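This report refers to the structure that appears directly beneath it.
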2 protein chains.
Amino acid sequence: MNTTEEVLDFVHHGHERYLPHLSIDCVIFGYHEHQLKILLIRHHQHDRWSLPGGYIGRHETLTEAANRILAEKTQLSNLFLEQFYVFGDSPTRMNRIETQQTHNTTYAKVGVTIGENHWLSERTLSIGYYALVDYLNVVVKPEYLVDEYCWWDASELPELEYDHNEIISKAFLTLRAQIYQQPVGYNLLPKKFTLPEIHALYESILDRQFDRRNFRKKLLALGMIRQLPEQRKIGPHRSPFLYEFDLEGYRRAVEDLSVRAF
Amino acid sequence: MNTTEEVLDFVHHGHERYLPHLSIDCVIFGYHEHQLKILLIRHHQHDRWSLPGGYIGRHETLTEAANRILAEKTQLSNLFLEQFYVFGDSPTRMNRIETQQTHNTTYAKVGVTIGENHWLSERTLSIGYYALVDYLNVVVKPEYLVDEYCWWDASELPELEYDHNEIISKAFLTLRAQIYQQPVGYNLLPKKFTLPEIHALYESILDRQFDRRNFRKKLLALGMIRQLPEQRKIGPHRSPFLYEFDLEGYRRAVEDLSVRAF
DNA sequence: CCAAAAGTGTTCGCCGTACACCCATGT
DNA sequence: ACATGGGTGTACGGCGAACACTTTTGG
């Protein structure tokens, strides 16, 4: 939505095109300079930041809706995007009033007031999706009602609107649990990357240290990555080798792991 | 709902008490005679079976709704009950007509027809919950619109209504993945159980064989179960020892496991 | 030549795996 | 006595963990 007209149409006729009571919130993870990042937005005249999100079209599948919303924000498609939880317990999700005031601050920009019985004021459950994107490929698209976009360090997040801190916590837990099943690095890193990069990525996601030698040995033994005969120049230091993912090898490795005892 | 009046009130006024467009479906797992079971219901005059489910009250949290629905069917509360996925992609969830006809077969019992714009005919996403219950403790509560309840072997399910086969598949995958994080046996087995019982349970959930000696060794080493000085009489065979869960030991074991490398 | 970062190999101990015989019980 | 099912110990191999010095590069 980029014009006053579009926003007004959404406010007045959105309930005809979208399902009420349900929204999608996206936790978009990126990785840059040894830090796991999350993309947040700040709505017009709001102090607190929030997760990018949207509604589900009445004629759109849930998966289509999630992909559309992500593409609207990042201009990227065909990304790693996965549902992880539905949020419907938090007091802010049960209490209409606070939500209503928050909406009104936003929509004041187009001169409308959201009443108590307006579809945007109704109780809304939110379906959480998390995405893994290559930080450098993301070009954030400005939107009319959004004042600012920013990548925040996952370890130093501010207090967010609604229950969005809770949503991010759950997304983070899911990411951690999925790191053994999903080629997390494949989605968060560029096609070619160095060992120190993927090493630091795993350390920041799992919040523990790995021995450099054992780490490389394991990844190569699993067949998860392949060393390339190229190096990267990184200033006054020894040049690290570049590696690439071997998705097929990764798939096989995950399969083998799942056959192990508990 | 146990009377015609209650059903009619639900059909005509349900949308005032419940959120439209959203439902909850419960995959209730039990375990009996070396078989993993799932509780299914058959609605009035339907050929196909389906999962027990319900709607979310407008003033009820999501968790409360799931627990209420489960308690309504099984008379049990304080169970293991966990959300695992939202289903909103299946063609049967996008296509109103089929759903409408299905509803009409059910509600014909109270002499009402569900029109195209009726709240029950609208597109509905379903939140999947799975429960682990002690088969022997479940007393199924009859309901007006349900002709039959039955525990089905998880490995021999019939073709179900809507996308319920898909929901069960996903629940089963989740259960498998969670078996290393959750005390699955604690919820599916009685307080005291024998080694062969828990052994067969793990084999049926993970669909592979475990060596009896290694299995016992592992569970005891983890501190997950404790051997009791009692035995169970099982007819013309050697009496197996009884065991009980050590939830605290289990928690510690899971924590330790999560510190291992990948 | 120095600082900073990357590359590399070996040893040890535990855990996961494979494997087979004896024991208890009721008929 | 016998049929059925349950209980129990050992040996091997592989993988995860710990560990430190050398090489490269630009300034």
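Please read all numbers here as calculations on a predicted model, not as lab measurements.
When all heavy atoms of Arg48(A) and Arg42(A) are compared, the closest pair comes out as O-CG, 3.8 Å.
Nearest nucleotide to the Asp211(A) side chain, out of dC19(D), dG26(D), dG7(C): dC19(D). Considering only the side chain of Arg212(B), dT8(D) comes nearest among dG16(C), dT8(D), dG7(C). Listed nucleotides: dC19(D), dA20(C), dG26(D). Nearest to the side chain of Arg213(B): dA20(C).
Look at Lys170(B) and Asp89(B) and you find no salt bridge, because none of the NZ, NE, NH1 or NH2 atoms lies under 4.0 Å from a carboxylate O. A salt bridge does not link Lys191(B) to Glu244(B): none of the charged nitrogens lies less than 4.0 Å from a carboxylate oxygen. Between Arg68(A) and Glu64(A), no side-chain nitrogen of the basic residue sits less than 4.0 Å from a carboxylate oxygen of the acidic one, so the salt-bridge criterion is not met.
The aromatic rings of Tyr130(B) and Phe84(B) lie perpendicular to each other, with more than 60° between the two planes, well past the 30° mark.
The nearest whole Å value for the distance from the CD atom in Gln227(A) to the P atom in dT8(C) is 6 Å. Asn214(A) places its CG atom 13 Å from the C1' atom of dA20(D), with the value rounded to the nearest Å. Remark: P of dG7(C) and CD1 of Ile225(A) are 10 Å apart, rounded to the nearest angstrom. Distance, His34(B) NE2 to dG6(D) C1': 12 Å, rounded to whole Å. Phe215(B) has its CZ atom 13 Å from the P atom of dG6(D), to the nearest Å. Nucleotide dG6(D) holds its P atom 17 Å from the CG atom of Leu228(B), rounded to whole Å. Rounded to whole Å, atom C1' of dA6(C) lies 13 Å from atom CD of Glu197(A). For Lys218(A) and dA17(D), the NZ to P distance is 8 Å, given to the nearest whole Å.
The distance between the ring centers of Tyr186(A) and Tyr250(A) does not fall below 6.0 angstrom. Annotation: Tyr202(B) is in aromatic contact with Phe215(B) [ring centroid separation under 6.0 Å]. In this structure, Tyr243(B) has its ring center no closer than 6.0 Å to that of Phe241(B).
Over its full length, the helix from dC1(C)-dG27(D) to dT27(C)-dA1(D) turns its helical axis through 0°, comparing axes from the five pairs at each end and rounding to 10°.
Remark: Pro236(B), His237(B), Arg238(B), Pro240(B), Phe241(B) in residues 235-243 of chain B come within less than 4.0 Å of DNA chain D through at least one heavy atom.
Counting only distance, with no hydrogens or angles, the side chain of Gln83(B) and the backbone of Val86(A) share a donor-acceptor pair below 3.5 Å.
The side chain of Arg216(B) contributes an N or O atom lying less than 4.0 Å from OP1 or OP2 of dT8(D). For dG9(C), the OP1/OP2 oxygens have no side-chain nitrogen or oxygen of Lys217(A) closer than 4.0 Å.
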